[in-house]
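Have a look at the structure below, then the notes.
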Number of protein chains: 2
Amino acid sequence: MVTLKQLAKELNVSISTVSKALNNSEEIGKDTAKRVKELAHLYNYKPNKVALSLKQNKTKTIGVIIPNILNYFLAKVLFGIEREATLQGYNIITCVSNESLEKEKESLQLLANGSVDGFILSVAKETQMKRETEHFNKTIRNGLPIVMFDRVAHDVMCDKVIVDDFESTYNATKRLLAEKRKHIVFITTVDNVSVGKLRERGYNKAISETTTHTPLVLKINTRNNTSKKVKSFLMKHKTIDGVVAADSASGIISINTAVNIGLKVPEDISVIGFGSKSVSYHSIPQLTTIRQHAKKIGSAAAQQLIKRLELKKGASLETSTKIIKTSLIKSKSTL
Amino acid sequence: MVTLKQLAKELNVSISTVSKALNNSEEIGKDTAKRVKELAHLYNYKPNKVALSLKQNKTKTIGVIIPNILNYFLAKVLFGIEREATLQGYNIITCVSNESLEKEKESLQLLANGSVDGFILSVAKETQMKRETEHFNKTIRNGLPIVMFDRVAHDVMCDKVIVDDFESTYNATKRLLAEKRKHIVFITTVDNVSVGKLRERGYNKAISETTTHTPLVLKINTRNNTSKKVKSFLMKHKTIDGVVAADSASGIISINTAVNIGLKVPEDISVIGFGSKSVSYHSIPQLTTIRQHAKKIGSAAAQQLIKRLELKKGASLETSTKIIKTSLIKSKSTL
DNA sequence: GTGAAAGCGCTAACAA
DNA sequence: TTGTTAGCGCTTTCAC
């Protein structure tokens, strides 16, 4: 890598002259500026990012801590963050917490040594269960702002970008009720996590405010037996005519299972699940989905963080909570 | 963030004393060392990463350029890279090329200014089609090593980690032939990309060396009509009794489509597709899959890069190409 | 219009 | 055993 020093030497001028010339300073004579720029271009000079960071005490880098990168929703959010960050001249350093509090703490620690200017993160399950927040607060006190998305720690004072989880399942359930569905089950992969609870509550509210039944919830805790569980559940409760699934896999599996045991979808049973367009193709008929607009969540989080990072010195900005509304996209698995 | 300077001031010693004490230098007196360490611990001192990078001229950061983070396989490789890197004390900066040559170049440029010590990447489709390699070579000439995985540019001299694509489909096809399948179709989402071609050739070879038919290939170019295409194809070619799919979505969709038009899987038709365990649950019966061991690919790539980065000055290391073998995991969609 | 010098936080050769 | 100094690459103030 070429440095200012080398350019200066070759041009027989001082380092500061070169620096100023390249930064279009008014102070520098036209032809000097030209000579400098030409040589810089010839050598493909790029200012050293590390030196710049040290000097300006900011790295133009965002730390992203994600619980699980194999989750399509989270990957999509990451995609949105990356795009927005790149657009605004920021890089992202990605860490995966694997839902572990310990790894979350470590990542925060590790990057809080000047590697990044701030964080975007979704809270690990373990962290939510243990209700730990001190590591977040400490980071913020150290001057590194945090933006949380989706799974947030409500009692940490920071910017947040969330989904209308409660409303989304409330509306989905209402939708099935409007189809005259009588026995609607809520299928969830057990996570004692804010988001999951809210979704269940949305379903509960819709059911209890419209019908006289008790809500019916099927909790599934390991990934691998969803199919079996759903099958035996449907066999046992023959009256089920509607499914609201709290994640995309359950929705897909519900449709395929129902078809497999001879039910007609959506005539006999309607299914709505969370998920994206691409996953909806994994079932026949295609799944009617609740879309979370993951990319939008990512870009909103990045925008908010960068806005805060680029605040003039001394200026302040109230923490905000942005809600990205879900959309219910009708496909073939509902009437 | 606390700095050495502040610690030094508070302790009434020089900066270098503090530095040495914290680095366990032999030169420093025991009790001084102790005092220093205690205060450092109290203030939770962490050496500034940026300053260290500048001083030592290395960042302990790897640039990862991935064509598409929403691709489960690529996300999984990224996961493997992240884990291995973290283990070895490296961070990763992630860029998404979105299959675009231009973005790939930009990312390479952008990070080659001292932000990273080297790169791990999978080549964008556009780059492969245009056969551009100059940006890779330039990066390498500039002293930044590259490790390519999966989609590699064969004529660039660098480390590579690849999959036995040819063999994988060859074996899968052989497997179906051993089941006495007579009419096996190869379904591929069109990409004029090394990997796709190799997989097709593996299928071709197995077919032509075992049967007298011409190979039968169904190419699908847009994501959204796979289901329709497969359906009309199966309706038209009633004799089809085997499917080898070059990606996971096509495998899943083939099974669901076949079932949907009244075929029995695997009795009437056998299906094998690329994919991971979790995606195999998206069909009933479960998809028999070719597993690529994505995490292993990621960790192998990271290991290789770090090995090269930590080479003693002056030492050299021949470029290597590592092949990670796929496994055929039998499930319910084959006999 | 140009250059010298200081300083961002750190390490390490050298001096005391 | 401890401190002084130089330097990594850059920007910026101040002097000429």
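Just so you know, these numbers use all the heavy atoms, side chains as well, and skip hydrogens, waters and symmetry mates.
- Summarising the geometry, the separation between NZ on A:Lys49 and P on D:dT11 is reported as 13 Å, rounded to the nearest angstrom.
- Residue A:Asp31 contributes atom CG, which lies 12 Å from atom C1' of C:dT2 at whole-angstrom precision.
- B:Asn113 has its CG atom 10 Å from the P atom of D:dC10, to the nearest Å.
- Note: A:Leu52 CG to A:Asn48 CG = 8.0 Å, rounded to the nearest 0.5 Å.
- The pair B:Glu126-B:Arg131 does not meet the salt-bridge criterion, since no charged nitrogen lies less than 4.0 angstrom from a carboxylate oxygen.
- As a whole-Å value, the separation of B:Leu11 CG from D:dT1 P is 18 Å.
- With sequence neighbours excluded, the residues satisfying side chain to side chain contact (heavy atoms under 4.5 Å, CB included) with A:Thr3 are A:Lys5, A:Gln6.
- Electrostatic pairing of A:Glu26 and A:Lys20 does not count as a salt bridge here, judged by no charged N lying under 4.0 Å from a carboxylate O.
- In this structure, NZ of B:Lys30 is placed 13 Å from P of D:dT2, rounded to the nearest angstrom.
- Taking the charged nitrogens against the carboxylate oxygens, A:Lys60 and A:Asp117 have no contact shorter than 4.0 Å, which rules out a salt bridge.
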Going 5' to 3' through nucleotides 9-16 of chain C and flagging B where a protein heavy-atom sits under 4.0 Å of the base, S where only the sugar-phosphate is that close, and - otherwise, we get BBBBBB--
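- At a threshold of 4.0 angstrom between heavy atoms, the contacts of A:Ser53 with the nucleic acid are absent.
- The cationic group of A:Arg83 lies under 6.0 Å from the six-membered ring centre of A:Phe79 and within 45° of the ring axis, placing it in a cation-pi geometry.
- Rounded to a whole Å, the CG atom of A:Leu22 is 11 Å from the C1' atom of D:dC10.
- For the OP1/OP2 pair of D:dT2 and a distance below 4.0 Å, the side-chain nitrogens and oxygens of B:Thr17 include no atom meeting the criterion.
- To the nearest angstrom, C1' of C:dG3 lies 13 Å from CG of A:Asn12.
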